[in-house]
Enquirer: 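Attaching a single structure in structure tokens format; questions to follow.
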Amino acid sequence: MLHMTTTDSYSATLKFLAPSSRAPVYRASQGGAEARLDLEGEYAEHPVTIANGRLGDSPTLEREGFSLVRHASAVTDFYDDLVVERIYAKEVEALVKKATGAQRTVCFDHTRRAATAQTRGARGAREPSAVVHNDYTEKSGPQRVRDIMKGEVDELLSRRFAIVNVWRPISHPAVTSMLALCAADSAKPGDLIPTPRIAKDRIGELMLAHYDSQQRWVTFPAMDLDEALLLKTYDSATDGRARFAIHTAFDNPHAPADAKPRESIESRIFAFFSD
């Protein structure tokens with residue numbers, strides 16, 4: 001295992017939605033060498049300190065909105081669509097079910113990302129997302145259930161459900177482009193701005209975020225191939241637990257010069273609860 005636990009924190013500059021921005025629009029990129037975000041609106045970069053999440057108390061899904069877990073996968077080639085659908089989808093469904101206590105889990109999406117244009121072109125991957133965001137909103141979380149779970153919608157939306165992303169490096173540990181995660185209890189609801197997300201096949205909605213000095217940022221450096229990050233991007237519960245966890249990619253300033261550029265896969269899983 002390659003863990004860079006000697007660094008207590010990282011200094012990075014993250015991109016936020018500017019408070020004075022006109023109505024923003026987020027146009028999702030298509031996989032390939034030239035994959036990049038197309039962002040309307042005004043943005044501001046702010047320096048932040050990102051704590052090493054491997055040190056001290058471990059963050060949890062219910063408190064911070066994310067957690068790091070050990071998770072060995074039977075998949076050896078994450079670029080094989082058939083293997084990912086037949087094997088990995090079941091693995092992450094079981095992982096999220098165990099982690100959340102959900103009665104039922106359903107994996108509905110996989111996104112591969114790569115830090116270099118060469119790999120994106122060869123693999124049809126997208127770029128690491130370099131703006132602070134959360135994948136779903138009050139509106140779009142339930143809408144994804146309506147989009148995908150046809151015939152069961154009324155029953156499923158009558159009880160608590162969540163959407164959990166499972167993120168992991170593929171091919172080699174993630175050393176260069178890492179994830180910065182904001183503890184959910186440090187992000188003010190008023191700083192999370194619902195934003196249209198325009199993709200090739202549909203129009204959805206995500207949240208962009210304003211900067212606030214009280215936000216607490218965490219990363220898990222040098223995640224290896226037997227680790228996975230669980231990130232809660234929606235929770236219908238309003239009882240005080242984490243509901244959203246804003247996040248973004250950032251370049252690791254301590255990465256060795258010969259470190260391999262990041263390649264990763266993130267999967268999205270519904271977690272349906274009995275009450």
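Atoms considered below: every heavy atom in the structure, side chains included; atoms not considered: hydrogens, waters and symmetry mates. Because the structure is a prediction, the values reported are computed rather than measured.
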Enquirer: Would you please say whether a donor-acceptor pair under 3.5 Å links the side chains of Y79 and E263?
Expert: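 Checked: Y79/E263 side chains pair up, N/O donor to acceptor below 3.5 Å.
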Enquirer: Tell me, yes or no, whether the heavy-atom count around L82 atom CG, taken from other residues, nucleotides or ligands under 6.0 Å, exceeds 12.
Expert: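 Buried by this count: over 12 neighbours within 6.0 Å.
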Enquirer: Strictly distance-based, threshold 3.5 Å: is any side-chain N or O of R113 a donor or acceptor partner for the main-chain N or O of E127?
Expert: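 Yes; at least one donor-acceptor contact below 3.5 Å.
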Enquirer: With a cut-off of 6.0 Å (strictly less than), are more than 12 heavy atoms of other residues, nucleotides or ligands near CG of D57?
Expert: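 Open: at most 12 neighbouring heavy atoms sit under 6.0 Å from CG of D57.
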Enquirer: Write down the atom of P24, the atom of P196, and the distance for their closest heavy-atom approach.
Expert: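 Closest pair (atom of P24, atom of P196, distance): O-CD, 3.5 Å.
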Enquirer: Is the closest basic N to carboxylate O distance between R70 and E227 below 4.0 Å?
Expert: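 Yes, charged N to carboxylate O under 4.0 Å.
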Enquirer: For the atom pair CG (D251) and OG1 (T176), what is the distance rounded to the nearest 0.5 Å?
Expert: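 Between D251 CG and T176 OG1, I get 7.0 Å after rounding to 0.5 Å.
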Enquirer: Quick one: does any side-chain atom of S129 pair with a main-chain N or O of T248 as donor and acceptor, under 3.5 Å?
Expert: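 Judged by distance alone, no pair lies under 3.5 Å.
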Enquirer: For a quick test of reading the model, state the closest non-hydrogen atom pair linking T219 to P221 and the distance between them.
Expert: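 What the structure gives for the nearest pair is O-CD, 3.5 Å.
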Enquirer: So F273 and T100, side-chain contact (heavy atoms from CB on, under 4.5 Å) or not? Walk me through it.
Expert: CA-CA 9 Å; F273 297 87; T100 63; 4.0 Å; yes
Enquirer: Answer yes or no: are there more than 12 heavy-atom neighbours, outside R86 itself, under 6.0 Å from its atom CZ?
Expert: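 Counting neighbours around CZ of R86, 12 or fewer heavy atoms of other residues, nucleotides or ligands fall under 6.0 Å, so no.
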Enquirer: Flag yes if I265 and V96 sit in one hydrophobic cluster, no otherwise; membership is Ile, Leu, Val, Met, Phe, Trp, Tyr, and two members link when side-chain heavy atoms are under 4.5 Å apart.
Expert: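 As far as the 4.5 Å side-chain criterion goes, V96 and I265 are connected within one cluster.
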Enquirer: Scan F16, Y43, F250 and name whichever one has a side-chain contact (heavy atoms from CB on, under 4.5 Å) with V132.
Expert: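 Running side-chain contact (heavy atoms from CB on, under 4.5 Å) over F16, Y43, F250 with V132 returns exactly one hit, F16.
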Enquirer: Are F270 and V164 joined in one hydrophobic group, where the rule is that I, L, V, M, F, W and Y side chains link up if heavy atoms are under 4.5 Å apart?
Expert: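 Each belongs to a different hydrophobic cluster.
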Enquirer: Looking only at atom types and distance, does a side-chain atom of S73 sit under 3.5 Å from a main-chain N or O of D226, one as donor and one as acceptor?
Expert: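 Not confirmed, S73 side chain does not pair with D226 backbone.
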Enquirer: Please report the closest heavy-atom contact between V69 and L230, naming both atoms and the distance.
Expert: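 Answer, listing the atom of V69 first, then L230: CG1-CD1, 4.2 Å.
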Enquirer: Quick one: does K232's side chain have a donor or acceptor within less than 3.5 Å of a partner on A242's backbone?
Expert: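 A pair under 3.5 Å: yes.
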Enquirer: Checking Q214 against S186 for the side-chain hydrogen bond (donor to acceptor under 3.5 Å, both in side chains) test, could you report, in this order, the C-alpha distance in whole Å, the side-chain angles of both residues, the deciding distance, and whether it holds?
Expert: CA-CA 6 Å; Q214 299 304 306; S186 72; over 6 Å; no
Enquirer: Is it possible for you to check whether R197 lies under 6.0 Å from the centre of the six-membered ring of Y26, through NZ or CZ, and within 45° of that ring's axis?
Expert: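 Not flagged: R197 not positioned over aromatic ring of Y26.
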Enquirer: Output yes when a side-chain donor or acceptor of R262 lies under 3.5 Å from a complementary backbone atom of I170, and no otherwise.
Expert: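 Between the backbone of I170 and the side chain of R262 there is no qualifying donor-acceptor contact (under 3.5 Å).
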Enquirer: Do F78 and L95 share a hydrophobic cluster (ILVMFWY, side-chain heavy atoms under 4.5 Å, transitive)?
Expert: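 F78 and L95: one cluster.
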Enquirer: Kindly indicate whether the side chain of W217, heavy atoms from C-beta on, has any atom under 4.5 Å from the side chain of L14.
Expert: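 A side-chain contact under 4.5 Å exists here.
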Enquirer: Do you know the tightest heavy-atom contact between A180 and I50?
Expert: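 Looking at all heavy atoms of both residues, the shortest contact is CB-CD1, 3.8 Å.
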Enquirer: Are side-chain heavy atoms of R63 and R241 found at a separation under 4.5 Å?
Expert: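 No, too far: nothing below the 4.5 Å cut-off.
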Enquirer: Distance from I269 atom CD1 to E93 atom CD, nearest 0.5 Å?
Expert: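 Here the interatomic distance stands at 7.5 Å.
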Enquirer: Check the pair D81, V83 against side-chain contact (heavy atoms from CB on, under 4.5 Å), reporting the backbone distance first and the verdict last.
Expert: CA-CA 6 Å; D81 290 340; V83 170; over 6 Å; no
Enquirer: Restricting to non-hydrogen atoms, name the atom on T105 and the atom on A94 that form the minimum distance, rounded to 0.1 Å.
Expert: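 Minimum heavy-atom contact is OG1-N, 4.4 Å.
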Enquirer: Quick one: pull up OG in S177 and CG in N252 and give me the separation to the nearest 0.5 Å.
Expert: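 Spacing of OG (S177) from CG (N252) equals 9.0 Å.
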Enquirer: Counting only N and O atoms by type, is there a donor-acceptor contact under 3.5 Å from the side chain of N134 to the main-chain atoms of T233?
Expert: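 Yes.
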Enquirer: Out of curiosity, does V84 fall in the hydrophobic cluster containing L229 (side-chain heavy atoms, cut-off under 4.5 Å, transitive links)?
Expert: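 Looking at the clustering, V84 is in a separate group from L229.
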Enquirer: Rounded at 0.5 Å granularity, tell me how far CD in Q143 sits from CD1 in I148.
Expert: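 CD1 of I148 is found 10.0 Å from CD of Q143.
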Enquirer: Under 3.5 Å, is there a donor-acceptor pair between the side chain of T195 and the main chain of I193?
Expert: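 Yes, because the side chain of T195 sits within donor-acceptor range (under 3.5 Å) of the backbone of I193.
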Enquirer: For the side-chain hydrogen bond (donor to acceptor under 3.5 Å, both in side chains) test, which of D135, D109, T111 pairs with N165?
Expert: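 Among D135, D109, T111, the one that satisfies the side-chain hydrogen bond (donor to acceptor under 3.5 Å, both in side chains) with N165 is D135.
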Enquirer: Between T13 and E45, is there a side-chain donor-acceptor contact under 3.5 Å, judged purely by atom types and distance?
Expert: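 E45 vs T13: no donor-acceptor pair found between side chains.
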Enquirer: Is the H110 ring parallel, tilted or perpendicular to the Y88 ring (thresholds 30°, 60°)?
Expert: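 Geometry flag for Y88 against H110: tilted rings.
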Enquirer: Is it true that I246 and M178 fall in one hydrophobic cluster, defined by side-chain heavy atoms closer than 4.5 Å?
Expert: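 I246 and M178: one cluster.
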Enquirer: Taking C-beta and beyond as the side chain, do E64 and V218 meet within less than 4.5 Å on heavy atoms?
Expert: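 The answer is no, as the side chains (C-beta and beyond) never meet within the 4.5 Å cut-off.
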Enquirer: Nearest 0.5 Å please: distance from the CG atom of L208 over to the CG atom of D191.
Expert: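 So the gap between those two atoms works out to 12.0 Å.
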Enquirer: Quick check: do R159 and Q103 have side-chain heavy atoms less than 4.5 Å from each other?
Expert: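 R159 vs Q103: side chains touch.
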Enquirer: What verdict does the side-chain contact (heavy atoms from CB on, under 4.5 Å) test give for K97 and R104, after you've listed the backbone C-alpha separation in whole Å, the side-chain angles of each residue and the deciding distance to 0.1 Å?
Expert: CA-CA 7 Å; K97 188 173 186 178; R104 177 186 177 192; 5.9 Å; no
Enquirer: Answer yes or no for R268 and F108: cation-pi contact, defined as NZ/CZ to six-membered ring centre under 6.0 Å and angle to ring axis within 45°.
Expert: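 No, R268 does not sit over the ring of F108.
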Enquirer: Considering non-hydrogen atoms only, spot the tightest contact between S20 and E42 and give its length.
Expert: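 Scanning both residues, the minimum pair turns out to be OG-OE1, 3.5 Å.
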Enquirer: Any donor-acceptor pair under 3.5 Å linking the side chain of S236 with the backbone of F161?
Expert: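 Yes: the side chain of S236 pairs with the backbone of F161.
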Enquirer: Ring-plane angle category for H133 and H247, please: parallel below 30°, perpendicular beyond 60°, tilted otherwise.
Expert: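 The arrangement is tilted - the two ring planes meet at 30° to 60°.
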Enquirer: Indicate yes or no: at least one non-hydrogen side-chain atom of T49 is less than 4.5 angstrom from one of Y10.
Expert: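 Contact flag for T49/Y10 side chains = no.
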Enquirer: Assess the side chains of T137 and E205: does a donor N or O sit below 3.5 Å from an acceptor N or O?
Expert: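 Yes, E205 and T137 have a side-chain donor paired with an acceptor closer than 3.5 Å.
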Enquirer: Atom CD of E152 and atom CG of L157: how far apart are they, to the nearest 0.5 Å?
Expert: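 Separation between the atoms: 10.5 Å.
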Enquirer: Can we say R126 and E266 salt-bridge, meaning some charged N sits less than 4.0 Å from an Asp/Glu carboxylate O?
Expert: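 Here R126 does not pair with E266 in a salt bridge, since their nearest N and O are not under 4.0 Å apart.
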Enquirer: Quick one: do E91 and V166 satisfy side-chain contact (heavy atoms from CB on, under 4.5 Å)? Show the steps, please.
Expert: CA-CA 10 Å; E91 290 181 344; V166 177; over 6 Å; no
Enquirer: Parallel, tilted or perpendicular: which one describes the rings of F220 and F66, with boundaries at 30° and 60°?
Expert: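 Rings of F220 and F66: perpendicular, over 60°.
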Enquirer: With a 3.5 Å cut-off and no angle check, do the side chains of R243 and Y136 form a donor-acceptor pair?
Expert: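 Result is no, nothing qualifies.
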